[in-house]
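Some notes on the structure that comes next.
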Amino acid sequence: MLLNNNVTEFILLGLTQDPISKKIVFVIFLLFYLGTLWGNLLIIVTIKTSRALGSPMYFFLFYFSLSDTCFSTSIAPRMIIDSLEKQATITFSECLIQVFSLHFFGSLEVFILILMAVDRYVAICRPLHYATIMNRRICGVSVAVAWLGSCVHSLFQIFLALSLPFCGPNVIDHYFCDLEPLLELACADTYLVNLLLVSNSGAICTVGFVLLMFSYVVILHSLRNHSAEGRRKALSTCISHITVVVLFFLPCIFIYTRPATTFPMDKMIAVFYTTGTPLLNPLIYTLRNAEVKNAMSRLWSKKLISDDMR
(Lines give C-alpha, C1' and ligand atoms only; values in the text may rest on other atoms or scores of the structure.)
Protein backbone atom coordinates (compact mmCIF):
# COMPACT_ATOMS: atom_id res chain seq x y z
CA MET A 1 0.00 0.00 0.00
CA LEU A 2 2.14 2.75 -1.35
CA LEU A 3 0.26 5.84 -0.14
CA ASN A 4 1.16 9.47 -0.95
CA ASN A 5 4.64 8.48 -2.02
CA ASN A 6 6.35 11.17 -4.09
CA VAL A 7 9.83 9.73 -3.55
CA THR A 8 11.24 7.33 -6.14
CA GLU A 9 14.83 7.19 -4.88
CA PHE A 10 16.88 7.96 -1.79
CA ILE A 11 20.31 9.53 -1.36
CA LEU A 12 22.62 7.56 0.92
CA LEU A 13 25.15 9.76 2.72
CA GLY A 14 27.25 6.73 3.65
CA LEU A 15 29.89 6.76 6.36
CA THR A 16 31.54 9.96 5.15
CA GLN A 17 31.31 12.62 2.45
CA ASP A 18 35.03 13.38 2.36
CA PRO A 19 36.54 12.13 -0.96
CA ILE A 20 39.78 10.91 0.63
CA SER A 21 37.97 9.19 3.49
CA LYS A 22 35.64 7.52 0.99
CA LYS A 23 38.65 5.95 -0.76
CA ILE A 24 39.88 4.64 2.59
CA VAL A 25 36.40 3.23 3.27
CA PHE A 26 36.49 1.52 -0.14
CA VAL A 27 39.80 -0.23 0.55
CA ILE A 28 39.05 -1.24 4.14
CA PHE A 29 35.57 -2.58 3.52
CA LEU A 30 36.57 -4.34 0.32
CA LEU A 31 39.20 -6.23 2.33
CA PHE A 32 36.67 -6.90 5.10
CA TYR A 33 34.12 -8.25 2.63
CA LEU A 34 36.64 -10.45 0.82
CA GLY A 35 37.78 -11.79 4.21
CA THR A 36 34.18 -12.51 5.16
CA LEU A 37 33.55 -14.37 1.91
CA TRP A 38 36.77 -16.35 2.18
CA GLY A 39 36.26 -17.35 5.82
CA ASN A 40 32.60 -18.34 5.56
CA LEU A 41 32.93 -20.09 2.20
CA LEU A 42 35.89 -22.04 3.56
CA ILE A 43 33.74 -23.26 6.46
CA ILE A 44 30.88 -24.12 4.06
CA VAL A 45 33.15 -26.12 1.74
CA THR A 46 34.94 -27.83 4.65
CA ILE A 47 31.69 -29.00 6.26
CA LYS A 48 30.26 -30.17 2.93
CA THR A 49 33.36 -32.19 2.00
CA SER A 50 34.39 -33.57 5.40
CA ARG A 51 32.80 -36.76 6.73
CA ALA A 52 34.16 -35.97 10.19
CA LEU A 53 31.91 -32.89 10.42
CA GLY A 54 28.59 -34.67 10.01
CA SER A 55 27.12 -33.93 13.44
CA PRO A 56 24.12 -31.60 13.92
CA MET A 57 26.38 -28.86 15.32
CA TYR A 58 28.19 -28.59 11.98
CA PHE A 59 24.93 -28.97 10.07
CA PHE A 60 23.74 -25.79 11.81
CA LEU A 61 27.15 -24.14 11.45
CA PHE A 62 26.92 -24.70 7.68
CA TYR A 63 23.66 -22.76 7.50
CA PHE A 64 24.95 -20.12 9.91
CA SER A 65 27.98 -19.47 7.69
CA LEU A 66 25.71 -19.41 4.63
CA SER A 67 23.38 -16.85 6.23
CA ASP A 68 26.40 -14.86 7.45
CA THR A 69 27.71 -14.67 3.88
CA CYS A 70 24.34 -13.60 2.48
CA PHE A 71 23.79 -11.11 5.32
CA SER A 72 27.09 -9.39 4.57
CA THR A 73 26.43 -9.54 0.81
CA SER A 74 23.09 -7.75 1.24
CA ILE A 75 24.98 -4.64 2.42
CA ALA A 76 28.74 -4.68 1.77
CA PRO A 77 28.95 -4.75 -2.06
CA ARG A 78 26.64 -1.76 -2.48
CA MET A 79 28.42 0.11 0.29
CA ILE A 80 31.79 -0.54 -1.36
CA ILE A 81 30.55 0.66 -4.77
CA ASP A 82 28.80 3.68 -3.26
CA SER A 83 32.05 4.81 -1.65
CA LEU A 84 33.37 5.45 -5.18
CA GLU A 85 30.34 7.53 -6.17
CA LYS A 86 30.13 11.28 -5.72
CA GLN A 87 26.49 10.89 -4.69
CA ALA A 88 25.14 7.45 -3.86
CA THR A 89 21.48 6.86 -4.66
CA ILE A 90 19.15 3.89 -4.26
CA THR A 91 15.70 3.48 -5.78
CA PHE A 92 12.68 2.83 -3.59
CA SER A 93 12.38 -0.71 -4.94
CA GLU A 94 16.07 -1.44 -4.34
CA CYS A 95 15.68 -0.03 -0.84
CA LEU A 96 12.85 -2.47 -0.12
CA ILE A 97 14.91 -5.37 -1.48
CA GLN A 98 17.78 -4.42 0.82
CA VAL A 99 15.46 -4.14 3.82
CA PHE A 100 14.04 -7.59 3.05
CA SER A 101 17.40 -9.30 2.53
CA LEU A 102 18.99 -7.61 5.56
CA HIS A 103 16.20 -8.70 7.89
CA PHE A 104 15.77 -12.12 6.30
CA PHE A 105 19.37 -13.22 6.72
CA GLY A 106 19.80 -11.33 10.00
CA SER A 107 16.81 -13.04 11.62
CA LEU A 108 17.89 -16.36 10.08
CA GLU A 109 21.17 -16.01 11.96
CA VAL A 110 19.23 -15.41 15.17
CA PHE A 111 17.10 -18.53 14.71
CA ILE A 112 20.07 -20.71 13.76
CA LEU A 113 22.04 -19.49 16.78
CA ILE A 114 19.08 -20.61 18.91
CA LEU A 115 19.14 -24.02 17.18
CA MET A 116 22.88 -24.28 17.84
CA ALA A 117 22.26 -23.54 21.52
CA VAL A 118 19.56 -26.24 21.66
CA ASP A 119 21.97 -28.68 20.02
CA ARG A 120 24.67 -27.92 22.62
CA TYR A 121 22.14 -28.23 25.46
CA VAL A 122 20.99 -31.67 24.32
CA ALA A 123 24.56 -32.84 23.64
CA ILE A 124 25.83 -31.78 27.07
CA CYS A 125 22.78 -32.13 29.33
CA ARG A 126 21.01 -35.08 27.60
CA PRO A 127 23.87 -37.03 25.97
CA LEU A 128 22.09 -40.41 26.04
CA HIS A 129 19.13 -39.01 24.08
CA TYR A 130 21.19 -36.85 21.72
CA ALA A 131 21.06 -39.14 18.69
CA THR A 132 17.30 -39.56 19.06
CA ILE A 133 16.41 -35.91 19.66
CA MET A 134 18.83 -34.30 17.21
CA ASN A 135 18.36 -36.67 14.28
CA ARG A 136 18.78 -35.53 10.68
CA ARG A 137 15.06 -35.13 10.04
CA ILE A 138 14.46 -32.92 13.09
CA CYS A 139 17.49 -30.78 12.22
CA GLY A 140 16.26 -30.35 8.64
CA VAL A 141 12.75 -29.41 9.76
CA SER A 142 14.18 -26.98 12.32
CA VAL A 143 16.21 -25.16 9.67
CA ALA A 144 13.18 -25.06 7.35
CA VAL A 145 11.10 -23.49 10.13
CA ALA A 146 13.90 -20.97 10.71
CA TRP A 147 13.81 -20.00 7.00
CA LEU A 148 10.01 -19.69 7.14
CA GLY A 149 10.16 -17.54 10.29
CA SER A 150 12.76 -15.29 8.69
CA CYS A 151 10.58 -14.85 5.62
CA VAL A 152 7.56 -13.88 7.73
CA HIS A 153 9.65 -11.40 9.73
CA SER A 154 11.11 -9.81 6.57
CA LEU A 155 7.73 -9.52 4.87
CA PHE A 156 6.45 -7.70 7.95
CA GLN A 157 9.32 -5.21 7.58
CA ILE A 158 8.29 -4.61 3.96
CA PHE A 159 4.68 -4.11 5.08
CA LEU A 160 5.84 -1.46 7.56
CA ALA A 161 8.00 0.26 4.93
CA LEU A 162 5.15 0.36 2.41
CA SER A 163 2.85 1.90 5.02
CA LEU A 164 5.13 4.93 5.34
CA PRO A 165 4.27 7.97 3.16
CA PHE A 166 7.27 9.87 1.74
CA CYS A 167 6.45 13.37 0.52
CA GLY A 168 9.77 15.07 -0.14
CA PRO A 169 12.91 14.56 2.00
CA ASN A 170 14.91 11.66 0.59
CA VAL A 171 18.36 11.93 2.18
CA ILE A 172 19.22 8.94 4.38
CA ASP A 173 22.08 9.60 6.78
CA HIS A 174 23.25 6.01 6.61
CA TYR A 175 25.04 3.60 4.27
CA PHE A 176 22.13 1.18 3.77
CA CYS A 177 18.33 1.14 3.82
CA ASP A 178 16.55 0.08 6.99
CA LEU A 179 13.32 0.91 8.78
CA GLU A 180 14.95 3.15 11.40
CA PRO A 181 16.36 5.77 8.97
CA LEU A 182 13.24 5.53 6.78
CA LEU A 183 11.04 6.46 9.75
CA GLU A 184 12.77 9.84 9.95
CA LEU A 185 11.85 10.65 6.34
CA ALA A 186 8.17 9.75 6.59
CA CYS A 187 5.76 12.70 6.45
CA ALA A 188 3.37 11.21 9.02
CA ASP A 189 3.21 10.19 12.66
CA THR A 190 5.45 7.12 12.92
CA TYR A 191 4.77 6.26 16.56
CA LEU A 192 2.70 3.16 15.74
CA VAL A 193 5.14 1.95 13.07
CA ASN A 194 8.05 2.39 15.45
CA LEU A 195 6.14 0.51 18.14
CA LEU A 196 5.53 -2.36 15.71
CA LEU A 197 9.21 -2.29 14.70
CA VAL A 198 10.34 -2.55 18.32
CA SER A 199 7.80 -5.29 19.06
CA ASN A 200 9.03 -7.24 16.00
CA SER A 201 12.75 -6.72 15.35
CA GLY A 202 13.44 -5.53 18.88
CA ALA A 203 11.64 -8.50 20.40
CA ILE A 204 13.48 -11.01 18.18
CA CYS A 205 16.84 -9.55 19.25
CA THR A 206 16.02 -9.22 22.96
CA VAL A 207 14.12 -12.48 23.46
CA GLY A 208 16.68 -14.36 21.35
CA PHE A 209 19.56 -12.94 23.40
CA VAL A 210 17.89 -13.75 26.75
CA LEU A 211 17.03 -17.30 25.66
CA LEU A 212 20.54 -17.94 24.37
CA MET A 213 22.29 -16.58 27.44
CA PHE A 214 19.96 -18.52 29.75
CA SER A 215 20.58 -21.74 27.81
CA TYR A 216 24.35 -21.32 28.03
CA VAL A 217 24.14 -20.57 31.75
CA VAL A 218 22.27 -23.88 32.18
CA ILE A 219 24.82 -25.66 30.01
CA LEU A 220 27.82 -24.24 31.89
CA HIS A 221 26.19 -25.10 35.21
CA SER A 222 25.69 -28.71 34.11
CA LEU A 223 29.39 -29.08 33.24
CA ARG A 224 30.17 -29.66 36.92
CA ASN A 225 29.11 -33.29 36.48
CA HIS A 226 31.43 -33.93 33.51
CA SER A 227 35.02 -35.11 33.37
CA ALA A 228 37.86 -32.60 33.06
CA GLU A 229 38.32 -33.43 29.36
CA GLY A 230 34.57 -33.22 28.72
CA ARG A 231 34.39 -29.86 30.51
CA ARG A 232 37.31 -28.50 28.51
CA LYS A 233 35.85 -29.50 25.15
CA ALA A 234 32.31 -28.33 25.97
CA LEU A 235 33.58 -25.08 27.48
CA SER A 236 35.62 -24.31 24.35
CA THR A 237 32.58 -24.81 22.12
CA CYS A 238 30.24 -22.81 24.38
CA ILE A 239 32.66 -19.88 24.71
CA SER A 240 32.82 -19.65 20.91
CA HIS A 241 29.03 -19.59 20.69
CA ILE A 242 28.64 -17.08 23.53
CA THR A 243 31.19 -14.75 21.92
CA VAL A 244 29.27 -14.78 18.64
CA VAL A 245 25.97 -14.20 20.47
CA VAL A 246 27.28 -11.18 22.39
CA LEU A 247 28.96 -9.59 19.36
CA PHE A 248 25.85 -9.99 17.20
CA PHE A 249 22.99 -9.31 19.62
CA LEU A 250 24.12 -6.34 21.71
CA PRO A 251 24.44 -3.94 18.73
CA CYS A 252 21.10 -5.18 17.33
CA ILE A 253 19.38 -4.63 20.67
CA PHE A 254 20.79 -1.11 20.83
CA ILE A 255 19.49 -0.28 17.33
CA TYR A 256 16.05 -1.93 17.36
CA THR A 257 14.76 -1.54 20.92
CA ARG A 258 14.54 2.22 21.25
CA PRO A 259 12.39 5.11 19.94
CA ALA A 260 12.93 6.35 16.37
CA THR A 261 15.88 8.59 17.17
CA THR A 262 19.39 8.57 15.75
CA PHE A 263 22.67 8.94 17.58
CA PRO A 264 26.11 9.83 16.14
CA MET A 265 27.44 6.34 16.95
CA ASP A 266 24.61 4.50 15.12
CA LYS A 267 26.51 4.07 11.87
CA MET A 268 29.63 2.79 13.65
CA ILE A 269 27.56 0.29 15.62
CA ALA A 270 25.85 -0.79 12.39
CA VAL A 271 29.28 -1.29 10.79
CA PHE A 272 30.18 -3.60 13.66
CA TYR A 273 27.23 -5.98 13.30
CA THR A 274 26.88 -5.80 9.49
CA THR A 275 30.58 -6.00 8.58
CA GLY A 276 32.71 -6.76 11.62
CA THR A 277 30.76 -9.66 13.08
CA PRO A 278 30.48 -11.65 9.80
CA LEU A 279 34.25 -11.25 9.45
CA LEU A 280 34.97 -12.40 13.01
CA ASN A 281 32.56 -15.36 13.11
CA PRO A 282 34.68 -17.69 10.92
CA LEU A 283 37.76 -16.86 13.01
CA ILE A 284 35.90 -17.55 16.25
CA TYR A 285 34.52 -20.88 15.06
CA THR A 286 37.77 -22.12 13.53
CA LEU A 287 40.41 -20.91 15.98
CA ARG A 288 38.58 -22.46 18.95
CA ASN A 289 37.46 -25.65 17.20
CA ALA A 290 40.05 -28.37 16.68
CA GLU A 291 37.73 -30.53 14.53
CA VAL A 292 37.14 -27.71 12.03
CA LYS A 293 40.85 -26.83 11.93
CA ASN A 294 41.81 -30.47 11.34
CA ALA A 295 39.17 -30.84 8.59
CA MET A 296 40.45 -27.67 6.92
CA SER A 297 44.01 -28.97 7.11
CA ARG A 298 43.00 -32.26 5.47
CA LEU A 299 41.08 -30.38 2.78
CA TRP A 300 44.08 -28.15 2.08
CA SER A 301 46.43 -31.16 2.04
CA LYS A 302 44.21 -32.94 -0.51
CA LYS A 303 44.25 -29.84 -2.70
CA LEU A 304 48.05 -29.61 -2.56
CA ILE A 305 48.41 -33.34 -3.39
CA SER A 306 46.00 -33.04 -6.34
CA ASP A 307 47.89 -29.99 -7.59
CA ASP A 308 51.21 -31.86 -7.38
CA MET A 309 49.81 -34.80 -9.35
CA ARG A 310 48.84 -32.60 -12.31
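Computed from heavy atoms alone, side chains included, the values below leave out hydrogens, waters and symmetry copies. Predicted model only: the values in this text are computed from it and were never measured.
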Notebook entry, point to check: With distance as the sole criterion, is a donor-acceptor pair present between the side chains of Tyr256 and Asn200 under 3.5 Å?
Noted result: no
Checklist line | Contact check, side chains of Met134 and Phe60, non-hydrogen atoms, under 4.5 Å | finding: yes
Check: Do Ile138 and Trp147 share a hydrophobic cluster (ILVMFWY, side-chain heavy atoms under 4.5 Å, transitive)?
Finding: no
Notebook entry, point to check: Using a distance-only test with no angle check, is there a side-chain donor-acceptor pair under 3.5 angstrom linking Glu94 and Thr91?
Noted result: yes
Item checked: Any side-chain heavy-atom pair of Leu197 and Gln157 under 4.5 Å -> yes
Notebook entry, point to check: Atom CG of Leu12 and atom CD1 of Ile90: how far apart are they, to the nearest 0.5 Å?
Noted result: 5.5 Å
Item checked: Interatomic spacing from CD1 in Ile204 to SG in Cys252 - rounded to 0.5 Å -> 10.5 Å
Margin query: Taking Ala203's backbone N and O only, do any of them form a donor-acceptor pair with Thr206's side chain (distance below 3.5 Å, no angle check)?
Written below: no
Notebook entry, point to check: Any donor and acceptor pair, going by atom type alone, linking the side chain of Ser72 with main-chain N or O of Asp68 inside 3.5 Å?
Noted result: no
Notebook entry, point to check: Do any N or O atoms from the side chain of Asp119 and from the backbone of Pro56 form a donor-acceptor pair under 3.5 angstrom?
Noted result: no
Margin query: Can you tell me how far apart CZ (Phe62) and OG (Ser67) are? Round to the nearest 0.5 Å.
Written below: 10.5 Å
Next item on the list: Examine distances only and state if a side-chain atom of Ser154 and a backbone atom of Cys151 form a donor-acceptor pair shorter than 3.5 Å.
Entry: no
Note to self: How about Cys177 and Cys95 - are their SG atoms less than 2.5 Å from one another?
What the structure shows: yes
Check: Going by heavy atoms in the side chains, are Phe248 and Glu109 under 4.5 Å from each other?
Finding: yes
Note to self: Would you compute the distance between atom CG of Leu66 and atom CD1 of Ile43 and round it to the nearest 0.5 angstrom?
What the structure shows: 12.0 Å
Please tabulate, one pair per line, all N/O donor-acceptor pairs under 3.5 Å involving side-chain atoms of residues 14-34, not counting sequence neighbours.
unit_1	atom_1	unit_2	atom_2	d
Thr16	OG1	Asp18	N	3.1
Gln17	NE2	Leu13	O	2.5
Asp18	OD2	Ile20	N	3.4
Asp18	OD2	Ser21	N	3.0
Asp18	OD2	Ser21	OG	2.9
Lys22	NZ	Glu85	O	2.5
Tyr33	OH	Thr73	OG1	2.9

Next item on the list: Please assess Ser201 against His153 for the test side-chain contact (heavy atoms from CB on, under 4.5 Å), listing each intermediate value before the final yes or no.
Entry: CA-CA 8 Å; Ser201 298; His153 165 71; 3.3 Å; yes
Next item on the list: State plainly whether one hydrophobic cluster holds both Leu102 and Met268, where clusters connect Ile, Leu, Val, Met, Phe, Trp and Tyr through side-chain heavy atoms under 4.5 angstrom apart.
Entry: yes
Notebook entry, point to check: Mind checking whether Cys139 and Val143 have side chains closer than 4.5 Å, heavy atoms only?
Noted result: no
Next item on the list: Can you see which heavy atom on Ser222 is nearest to which on Ile124, and at what distance?
Entry: OG-CG2, 3.6 Å
Next item on the list: List the steps, then state whether side-chain hydrogen bond (donor to acceptor under 3.5 Å, both in side chains) holds for Asp178 with His103.
Entry: CA-CA 9 Å; Asp178 200 3; His103 281 270; 2.8 Å; yes
Notebook entry, point to check: So, the side chain of Thr190 versus the backbone of Val193: is there a donor-acceptor pair under 3.5 Å, distance only?
Noted result: no
Notebook entry, point to check: Looking at Tyr273 versus Phe249, is the centre-to-centre ring distance below 6.0 Å?
Noted result: no
Next item on the list: Answer yes or no: is there a donor N or O on one side and an acceptor on the other, between the side chain of Ser74 and the main chain of Phe71, under 3.5 Å?
Entry: yes
Next item on the list: Please lay out, stage by stage, how Phe92 and Thr8 fare under the test side-chain contact (heavy atoms from CB on, under 4.5 Å).
Entry: CA-CA 5 Å; Phe92 188 81; Thr8 58; 5.7 Å; no
Item checked: Residues that Ser150 engages under side chain to side chain contact (heavy atoms under 4.5 Å, CB included), provided they are two or more places apart -> Phe104, Ser107, Leu108, Phe111
Margin query: Are the side chains of Leu162 and Leu96 in contact, using a 4.5 Å heavy-atom criterion?
Written below: yes
Next item on the list: Considering non-hydrogen atoms only, spot the tightest contact between Leu182 and Ile172 and give its length.
Entry: CD2-CD1, 3.9 Å
Item checked: Single-linkage hydrophobic cluster, 4.5 Å side-chain cutoff, Ile239 and Val246 together -> yes
Next item on the list: Would you please say whether a donor-acceptor pair under 3.5 Å links the side chains of Ser50 and Tyr58?
Entry: no
Next item on the list: Determine whether Phe10 and Thr89 make a side-chain contact, defined as any pair of heavy atoms from C-beta on separated by less than 4.5 Å.
Entry: no
Checklist line | Reported CG-to-NZ distance for the pair Asp173 and Lys267, which is rounded to 0.5 angstrom | finding: 4.0 Å
Check: Are any non-hydrogen side-chain atoms of Leu247 and Val244 less than 4.5 angstrom apart?
Finding: no
Margin query: Checking the side chain of Thr275 only, and the main-chain atoms of Phe272 only, is there a donor and an acceptor separated by less than 3.5 Å?
Written below: no
Check: Ignoring hydrogens and geometry, is there a side-chain-to-backbone donor-acceptor pair from Asn135 to Thr132 under 3.5 Å?
Finding: yes
Next item on the list: Verify the cluster assignment for Leu164 and Ile97: are they in a single hydrophobic cluster under the rule of side-chain heavy atoms below 4.5 Å apart?
Entry: no
Next item on the list: Mind running side-chain hydrogen bond (donor to acceptor under 3.5 Å, both in side chains) on Ser83 and Tyr175 for me, showing each step along the way?
Entry: CA-CA 9 Å; Ser83 64; Tyr175 61 92; over 6 Å; no
Notebook entry, point to check: Which pair of non-hydrogen atoms, one from Ala117 and one from Ile219, has the smallest distance, and what is that distance?
Noted result: O-CD1, 3.9 Å
Item checked: Rounded distance [0.5 Å steps], CZ in Phe156 versus CG in Leu179 -> 9.0 Å
Note to self: If you compare all heavy atoms of Pro181 against all heavy atoms of His174, which two are closest, and at what distance to 0.1 Å?
What the structure shows: CG-CD2, 4.4 Å
Check: Do you know which two heavy atoms are closest between Val245 and Met213, and how far apart they sit?
Finding: CG1-SD, 4.1 Å
Check: Are Leu155 and Val198 connected in a single hydrophobic cluster, I mean Ile/Leu/Val/Met/Phe/Trp/Tyr linked by side-chain heavy atoms less than 4.5 Å apart?
Finding: no
Check: Could you go step by step and tell me if Phe254 and Asp266 meet the side-chain contact (heavy atoms from CB on, under 4.5 Å) rule?
Finding: CA-CA 9 Å; Phe254 177 80; Asp266 281 358; 3.4 Å; yes
Margin query: With heavy-atom distances below 4.5 Å as the criterion, would you say the side chains of Val218 and Tyr121 are in contact?
Written below: yes
